[in-house]
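Everything below concerns the one structure shown next.
Each ligand, and each atom within it, is numbered from 1 in the order the structure gives. Just the heavy atoms: all of them, side chains too, but no hydrogens, waters or symmetry mates, feed the values below.
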Amino acid sequence: MRYALKTICVMALLLIAGCDDKQSAFAALGPVSARITFLTWIMFIGAALITVLICVLMFISIAGPADWRHKLTGEKSIIWGGIVFPVVTLSALLIYGFLILKAGGTWVRAENPVHISVIGEQWWWRVIYRHDDGHTTESANELRIPAGRPIEIELSTADVIHSFWIPAYAGKIDMIPGRINTLHFVADKPGIVSGQCAEYCGGAHALMSFYTVAMTPSDYDAWLVKERSNAAPALAGEGKQIFLSSGCGGCHTVRGTPADGKIGPDLTHVGSRQSLGAGILPNTTEGFAKWVSQHKIIKPENLMPPFDFFSESELQSLSLYLNSLE
Ligand code: HEC
Ligand SMILES: [Cu+2]
């Protein structure tokens with residue numbers, strides 16, 4: 001009994017922990033996710049009612065009056081309850097589900113959307129903003145969008161199957177090798193929510209998340225101009241020197257410096273993002289130091305080589321430099 005109580009308490013705590021609105025499919029913050037949430041409730045309430053009905057019928061067919069029992073076990077109730085009822089309800093649900101998906105798509109597609117590409121990589125997100133003039137700006141591990149404007153995201157992958165999911169705004173869509181899938185949604189209002197890879201993609205899959213920052217359209221336009229520009233010149237040159245001489249630039253780009261690697265996340269404006277390492281560390285000087293010196297422990301199996309040989313002061317300069325890349 002005591003164990004049962006304890007178990008129930010732990011389960012309840014886990015349930016409550018899942019109630020954070022930042023990454024909840026129940027806290028819809030846009031029209032596309034609102035429809036999905038509505039469908040979820042219909043399915044949940046419908047399933048609950050049907051379960052109760054089945055329990056009642058089962059009870060009657062075991063312990064009810066003889067003529068009820070006789071009726072329930074007859075051929076007619078098998079045909080109506082076992083074939084017609086499921087076929088009709090499930091078909092209605094299927095058609096309704098299709099309608100919802102299509103309605104979400106066409107409504108958003110009607111207007112001129114914001115074009116962004118997201119490429120899933122083991123175990124981070126490459127994000128490419130496509131400007132109206134045909135140019136692109138690369139970023140990583142964070143999505144910035146204007147609230148109220150339709151968003152169109154092209155989803156693809158550099159390696160295995162990933163799945164892109166921002167529960168607050170839209171349903172999840174797989175990123176499949178050799179294919180480009182498109183996701184459409186609108187964010188109702190400015191705010192920060194989080195998303196997650198929703199398809200097991202190997203070792204660090206559970207640590208492959210990201211933040212989405214919805215901004216007012218004018219803030220977004222200003223941000224995009226800044227994001228497109230090169231990195232601000234470093235105040236003290238020491239950290240930059242360490243960055244360039246340690247081979248970081250072989251994998252990372254910092255636009256405006258000789259670092260132009262394409263293997264890892266673009267770091268041009270890494271200091272202005274919400275988090276580090278795809279949503280797992282705070283974006284602070286300590287966060288950078290922790291990432292560089294302990295990333296193999298914090299995010300096992302991630303594909304950045306270990307750099308655990310920096311002295312305390314080198315690590316500090318390097319972290320200050322990275323943090324200044326706003
Ligand atoms: C061999 C390629 C490679 C080298 C060299 C490399 N990195 Fe990385 N780096 C990566 C990859 C891949 C990731 C993404 C890891 C993940 O999150 O799964 C990464 C992630 C990062 C991140 C987090 C970025 C973000 O968007 O949150 C930082 C910061 C970083 N590296 C800094 C450095 C520094 C500093 C150096 C040099 C001391 C360095 N890297 C050298 C491949 C590399
Ligand atoms: Cu994954």
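- Ligand-side atoms of ligand 1 in range of F288: 29 (C), range being under 4.0 angstrom from any heavy atom.
- Residue-level proximity to ligand 1 for I242 is absent, since no heavy atom of it falls below 4.0 angstrom.
- In K299, the part holding a heavy atom less than 4.0 Å from any atom of ligand 1 is the side chain.
- For the pairing with S163, the side chain to side chain donor-acceptor pair (under 3.5 Å) check across D174, N181, T157 returns one residue only, D174.
- Taking atom 21 (C) of ligand 1 as the reference point, the nearest protein heavy-atom neighbour is W291 NE1, 3.2 Å.
- The closest protein non-hydrogen atom to atom 4 (C) of ligand 1 is C251 SG, 3.3 Å.
- There is a path of hydrophobic side-chain contacts, each under 4.5 Å, that joins L281 to M304.
- Below 30°, between 30° and 60°, or above 60°: for Y220 and Y129 the angle between ring planes is between 30° and 60°, a tilted geometry.
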#### Entry: Verdict with reasoning, D159 to H162, per side-chain hydrogen bond (donor to acceptor under 3.5 Å, both in side chains)
CA-CA 9 Å; D159 36 55; H162 301 274; 2.8 Å; yes
### Message
Between Q316 and S311, is the side chain to side chain contact (heavy atoms under 4.5 Å, CB included) condition met? List the steps.
### Response
CA-CA 9 Å; Q316 178 69 9; S311 72; over 6 Å; no
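- H162 lies apart from the Cu ion (ligand 2) in this respect, since none of its N, O or S atoms is found at a distance under 2.8 Å.
- Distance from atom 41 (C) of ligand 1 to its nearest protein heavy atom, with residue and atom name: F307 CE1, 3.4 Å.
- With a 4.0 Å heavy-atom cut-off, ligand 1 is reached by the backbone of C248 and by its side chain too.
- For E199, the N/O/S atom at the shortest distance from the Cu ion (ligand 2) is named O.
- Counting heavy atoms closer than 4.0 Å to ligand 1, residue P305 contributes side-chain atoms (C-beta onward) but none from N, CA, C or O.
- E227 and T137 share no donor-acceptor pair across their side chains, judged by distance under 3.5 Å alone.
- At a 4.0 Å heavy-atom cut-off, ligand 1 touches H252 through the side chain alone.
- The protein heavy-atom contact nearest to atom 27 (O) of ligand 1 is G277 N, 2.7 Å.
- Under 4.0 Å from ligand 1, not a single heavy atom of F210 appears.
- The aromatic rings of H252 and F243 are tilted relative to each other, their planes meeting at an angle between 30° and 60°.
- A perpendicular orientation is assigned to the rings of W41 and F44, their planes being inclined by more than 60° (bins at 30° and 60°).
- In terms of distance to the Cu ion (ligand 2), the nearest N, O or S atom of H205 is named ND1.
- With a 4.0 Å cut-off on non-hydrogen atoms, R273 touches ligand 1 through its side chain and not its backbone.
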